[in-house]
Amino acid sequence: MLKVSKLKKVYDGGVQALENVSFEVPKGQFLAVIGLSGSGKSTLLRCINRLIEPTEGKIIFDGEDVTAASEDELRHIRRKIGMVFQHFNLVQRSSVLTNVLAGRLGYVNPVWSLFNRFPASDLEKAMRELDRVGIADKAKYRADELSGGQQQRVGIARAMMQEPHLVLADEPVASLDPVLAHSIMQYLEKINKEDGVTVLCSLHFLDLVHRYADRVIALNQGQLVFDGLPQEINDEKFKEIYGRDAERVG
Amino acid sequence: MKNLRQIGKSALLGVAVLIALVIYAYGFKVTKVNLDETRSPRRQEQLVRILRALARPDLVTYDQEEYVVNAPVHVPCPAGGYEAPAPNTDEPYMIVTPACVEPGGTVVVKGFNFNPGTTGPLSFIPPSEVSLRMGNIQVGADGTFEIEAKVPKRESDENQYVRAITRKQVGGPKISQTAVDTWDKIVETVFLALLATTIGLLFAVPLSFFAARNLMKDVNSPLTVVALNLLAIPIGLYLGGRLAGWIGGLSQGIDSIVIMLLTVILGPVIAYFGLRWALPQEELTTPTLQTRVIRILGLAAVVFVAIFSLYMLSALAMRIGDALEIALGAAGFLGTFLADLGDILGMALAVITAFVGAGVLSGLAGRLGKFLVRGVQARTAKIVMIALAIISGAAIFILIMMGINWLYQFNKPELIYYWPGVLGALGGLFLGVRMKPRDPFPIGMVIYNLARTIFNALRSIEALIMVIVFVVWVGIGPFAGVLALSLHTVAALAKLYSEQVESILVGPLEAVTATGANRLQTIIYAVIPQIIPPYISFTMYRWDINVRMSTIIGFAGGGGIGFLLIQNINLLNYRAASAQMLAIALVVASMDYLSSALRERTV
Ligand SMILES: Nc1ncnc2c1ncn2[C@@H]1O[C@H](COP(=O)(O)OP(=O)(O)OP(=O)(O)O)[C@@H](O)[C@H]1O
Ligand SMILES: [Mg+2]
């Protein structure tokens, strides 16, 4: 359902963040993206919904060419791709409910959403999604009144409002403690297993990869250096991904 | 070696000091520093007088009671001499010795029982009752005075008088006329600032987004679309203006209040349901061409109904306002306000409709442009792009020259049409040849730079200078001040605001964009919630500045308290001027306090 071929990204300053990255993701897979800090994980995920404009290469999502899409087509593609961020990226001063409803912006008529008017069905859906991540009682709170774990759950609810076919999660648990990390990962797992949503998730900890991912790809300095099952990452592969001097923890 | 370098350094320092000295010496010369003037006794006396006047602001007056005391005197001495009758010693009285004197002689006047500390004139009153000044009396603490004075050369057989008039303040202090005028004007000043801030705010908020780099840098579209828009927007503005004129004309034909009321009530209802029908809230499939055409027609009808009812509302407000103005008497200004609001709505409608026209045509141009970029063969797309770039380049240059010609009136066709047309076409050709049809043209940055330049230029012109232009336009008075201050506020606030937009967190922006929201939705959901607190605080800060500005804008004819102040200064009426300065200080200080207190609360 997602096919990335020969993707290349060179930033304005000349930094080559991605180089000739190609891989394919079948529907319903939980794919982990690993690699050192600065290896290009965030860049890769953001190229897929063109938050970052790829320099070269092709991305096909659900049979549509993302890289060649016009602005209108791009909006239709984006609304089917949910995104979850390391720093949650909620609008701090807005209510939790408004943050979740923002997930519908790609669907609703822009004119009505300018006046903050959403269809009743969207409101119900928002409450259902909040209920699903266990914070329905916080709907009226301001986003900055929530703890980190709760904010990330709002982020997941927002992504789920899009009824996505694909969820891009960029280090969704990197700013949470280990216990919370597992609970957030379990929500992603639920989305993946129950709703059949394809998940592309960049992760820092290998134990999380082993526990949740169906498959792993690894980046090193913008190049794809590994593509396989989590259990295939042996010591040698590990050194290839993380460098000769890396020590395995956890 | 080391020494040499140090010497060099010292020499350099010496030269720098020398240059600084010359600069300051020249500064003294051109600013005409003159220490002799500051020491001259005449100037110092003036200074003291002004300072004393300033220290006694003309705020209160007292009712005064005059005490008139007469003492008879004979000029010259009659044959048998003259003995003054014994005065009534219960009241203030005077004794003149001698009681008769030759013309031009000297008498001693003693007063008793006067109010201690009072002063007043001492006059000689001949039978004709004209008073001839003899001197000034100054009553001591014991209620007495004594003065030696010359009697004028007025001879008469009759009794003549020496008259002392002293004044005494009676009753409590009263507010002086100056204080009343000052109060009136300071109220005017505060409201002047309020209006200017409000108007500035209304315009600056939307404009600030155009001057925010982070929002505008991603705005780009193919050259074909940009060129089409350049042509479509002026035409749209013109057509919209015509449409407004036509609907306005239609609405003026209606005179019945009942129909007006009905339209004002029913119009919005129809428009709302029309909108609900024409713009479904959520749509998963693309509608067929037929439904889209029907919907667009429906939307056009809604727009017509909306504009028409707004014109009716404007007419109704003016009608009711005029009636209220007469009916309400003292509160008639409320009626005037309503009528003015109606008038403003009428004027704004023409502008809004013109913008709607521009928006519609630009939307159509965008559609057409996208088709011309993506829907046709590459060669055709390229040729169309070059052609459009040439046409729109020429059109833009000609429009600009027409504007310049309007200012300078050189009226030479080759300067207005041919040269700019050719230059613009060449520019368009250059761009068109260099770009590929699908290449993004950074129109956002062009708008950004344009907006920045305009704001900076406007901001650098002081409101005090702008007001001169507005005084010529709308006459001397607070309205000219409001307009000048508003214009300055728009530029200043738009700049401050846009800097706030530039410093928002990108995370939420990214997240909302990722949901498939369009640019306007992103601004509403990710930008605006972030900028509300700084916008409030900057508006308050600006209101504070506007109060200061409005206190002096009257110097140039812009109304407010400055007008009064400059008048009083010119009339050398320093005690009144002092009252106004005091009022300004009080208002500015309390605004300062208020706005910082409010800002603390919101941020
Ligand atoms: N906006 C940008 N402009 C220029 N260079 C950038 C930009 N964003 C990222 N880079 C560079 O691109 C490379 C890849 O960055 P990226 O953020 O994708 O890495 P990452 O794997 O997500 O790292 P981390 O684990 O720290 O989040 C880095 O060298 C980074 O410095
Ligand atoms: Mg990253």
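Numbers restart at 1 for each chain; the letters A, B, ... are given by sequence-line order, proteins then strands. Just the heavy atoms: all of them, side chains too, but no hydrogens, waters or symmetry mates, feed the values below.
Among A/Pro110, A/Gly155, A/Gly103, A/Ser121, the residue with the largest count of heavy-atom pairs under 4.5 Å with chain B is A/Pro110. Interface remark: of the candidates A/Ile77, A/Leu168, A/Asp122, A/Thr98, A/Asp122 forms the most heavy-atom pairs closer than 4.5 Å to chain B. Contact tally against chain A (heavy-atom pairs below 4.5 Å) for B/Leu509, B/Thr513, B/Val373, B/Val506: the top residue is B/Thr513.
Taking a 6.0 Å sphere around CD of A/Glu71, one finds it holds 12 or fewer heavy atoms contributed by other residues, nucleotides or ligands. Heavy-atom neighbours of B/Phe304 CZ from other residues, nucleotides or ligands within 6.0 Å: above the threshold of 12. Within a 6.0 Å sphere centred on CZ of B/Phe203, heavy atoms belonging to other residues, nucleotides or ligands number 12 at most. By the 6.0 Å contact criterion, NZ on A/Lys58 is open, its count of non-hydrogen atoms from other residues, nucleotides or ligands being 12 or less. Residue B/Phe210 qualifies as open at atom CZ: its count of foreign heavy atoms under 6.0 Å is 12 or below. Around NZ of B/Lys382, the count of heavy atoms belonging to other residues, nucleotides or ligands within 6.0 Å exceeds 12. Within 6.0 Å of OH in A/Tyr11 there are more than 12 heavy atoms belonging to other residues, nucleotides or ligands. Residue-environment remark: OH (A/Tyr141) stays at or below the threshold of 12 foreign heavy atoms within 6.0 Å.
To the nearest 0.5 angstrom, A/Leu90 atom CG is 11.5 Å from B/Leu505 atom CG. The CD1 atom of B/Ile528 sits 10.5 Å away from atom OG of A/Ser94, with the distance rounded to the nearest 0.5 Å.
Of the two parts of A/Phe88, neither the backbone nor the side chain holds a non-hydrogen atom closer than 4.5 Å to a non-hydrogen atom of chain B. Residue contact with chain B, scored on non-hydrogen atoms closer than 4.5 Å, involves the side chain of A/Arg46 exclusively. In this structure, chain A has a heavy atom under 4.5 Å from the side chain of B/Ile524, while its backbone stays farther away. Residue B/Ile523 does not touch chain A at all, counting heavy-atom pairs closer than 4.5 Å.
Counting only distance, with no hydrogens or angles, the side chain of A/Trp112 and the backbone of B/Arg276 share no donor-acceptor pair below 3.5 Å. No donor-acceptor pair under 3.5 Å is formed between the side chain of A/Asn89 and the backbone N or O of B/Pro508.
The shortest side-chain heavy-atom distance between B/Pro533 and A/Arg93 falls under the 4.5 Å cut-off. Residues B/Glu510 and A/Met83 have side chains not in contact (no heavy-atom distance under 4.5 Å, counting atoms from C-beta outward). You'll find the side chain of A/Asn116 reaches within 4.5 Å of the side chain of B/Tyr525, heavy atoms only. Within the 4.5 Å cutoff, the side chain of A/Met161 has no heavy atoms near those of the B/Thr515 side chain.
Closest approach of A/Ser113 and B/Gln521 over heavy atoms only: OG-NE2, 2.9 Å. For the residue pair A/Ala68 and B/Arg374, the shortest heavy atom distance occurs at O-NH1, 3.2 Å. Minimum heavy-atom separation, A/Val91 to B/Ala526: CG2-CA, 4.1 Å. Listed here is the closest heavy atom pair of A/Arg158 and B/Ala511: NH2-CB, 3.3 Å.
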